[in-house]
Amino acid sequence: QVQLVESGGGLVQAGGSLRLSCAASGRTFSAYAMGWFRQAPGKERDFVAAISRNGALTGDADSVKGRFTISRDNSKNTVYLQKNSLKPEDTAVYYCAARNYISYSTASYNYDHWGQGTQVTVSS
């Protein structure tokens, strides 16, 4: 098992930046591919970005391409989501997730472990 705890959410103005962190404990962090998902009120949980377990491969949703960057530091058991040029439509609860596999997935059902989420609110 791996436990995930997100942090770094908050209120920010449109055009601003935030960096989310997801700290992992438990099993070996480097064994897990990691993903970030988000869920706005009344909507489904959507893929945002993901990274392979060695950090060599990343992917992100079209809606955040060029604005968000995922990275990881296996020595710190942490995955990050740097969010720039934020828009009001980025407002959501952001979740990190882990899957015990080499490569990442864009599908939430492929992830076995989830954090509790962190709220991000972007004001216009």
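Keep in mind that what you see is a predicted model, and the values were worked out from it rather than measured.
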In this structure, are over 12 heavy atoms from other groups packed under 6.0 Å from Leu11 atom CG?
yes
Shortest non-hydrogen contact from Tyr111 to Ser105?
OH-O, 2.6 Å
Quick one: does Tyr104's side chain have a donor or acceptor within less than 3.5 Å of a partner on Thr58's backbone?
yes
Single hit among Lys83, Gln119, Glu6, Gln39 for side-chain hydrogen bond (donor to acceptor under 3.5 Å, both in side chains) with Tyr94
Lys83
Which is it for Trp114 and Ser108 under the side chain to side chain contact (heavy atoms under 4.5 Å, CB included) test, yes or no, and what are the steps along the way?
CA-CA 10 Å; Trp114 293 83; Ser108 60; 3.8 Å; yes
Kindly say whether Gly9 contributes a backbone atom to a donor-acceptor pair with the side chain of Thr118 at under 3.5 angstrom?
yes
Kindly indicate, with the supporting measurements, whether the criterion side chain to side chain contact (heavy atoms under 4.5 Å, CB included) is fulfilled by Arg53 and Tyr32.
CA-CA 5 Å; Arg53 67 184 186 189; Tyr32 292 84; 5.6 Å; no
I'd like to know if Lys65 pairs up with Asp60 as an ion pair, taking the criterion as any Lys NZ or Arg NE/NH1/NH2 lying under 4.0 Å from an Asp or Glu carboxylate oxygen.
yes
Does any pair with a residue in residues 4-121 pass disulfide (SG to SG under 2.5 Å), and if so which ones, sequence neighbours excluded?
Cys22-Cys96
Using the rule that two of Ile, Leu, Val, Met, Phe, Trp, Tyr join whenever any of their side-chain heavy atoms come within less than 4.5 Å, decide whether Ile70 and Tyr95 are in one cluster.
no
Keeping the roles fixed (side chain from Thr28, backbone from Ser30), state whether a donor-acceptor pair exists under 3.5 Å.
no
Is it true that a side-chain atom of Arg72 and a backbone atom of Phe29 form a donor plus acceptor pair closer than 3.5 Å?
yes
I need the Ser7 OG to Leu20 CG distance, nearest 0.5 Å.
8.0 Å
Taking every non-hydrogen atom, the tightest pair across Met34 and Val79
CE-CG1, 3.9 Å
Under 6.0 Å between ring centres: does that hold for Phe47 and Phe37?
yes
Is Thr78 reaching over with its side chain to a backbone N or O of Lys76, donor-acceptor style, under 3.5 angstrom?
yes
Which heavy-atom pair separates Ala40 from Ala92 by the least distance, and what is that distance?
N-CB, 3.8 Å
Between Arg67 and Ser85, is there a donor-acceptor pair closer than 3.5 Å when you use the side chain of the first and the backbone of the second?
yes
Are the side chain of Ser52 and the backbone N or O of Ser103 linked by a donor-acceptor pair below 3.5 Å?
no
What's the separation between atom CD1 in Ile51 and atom CG in Leu57, rounded to the nearest 0.5 Å?
9.0 Å
Exactly one of Asn84, Leu81, Val12 should register a side chain to side chain contact (heavy atoms under 4.5 Å, CB included) with Leu18. Which one does?
Val12
Please check this pair: side chain of Ser124 against backbone of Pro88, looking for a donor-acceptor N/O pair closer than 3.5 Å.
no
Between Asp90 (side chain) and Thr121 (backbone), is there a donor-acceptor pair under 3.5 Å?
no
Just so I know, are the side chains of Lys87 and Val122 near enough to count as touching, which here means a heavy-atom distance under 4.5 Å?
no
Can any side-chain N or O of Arg45 pair as donor or acceptor with the backbone N or O of Arg38 at less than 3.5 Å?
no
Could you pull out the closest heavy-atom pair between Val2 and Ala98, with the gap in Å?
CG1-CB, 4.1 Å
Single-linkage hydrophobic cluster Trp36~Phe68, side-chain heavy atoms < 4.5 angstrom:
yes
Do Tyr80 and Val120 share a hydrophobic cluster, counting only Ile, Leu, Val, Met, Phe, Trp and Tyr and linking them when any side-chain heavy atoms are less than 4.5 Å apart?
no
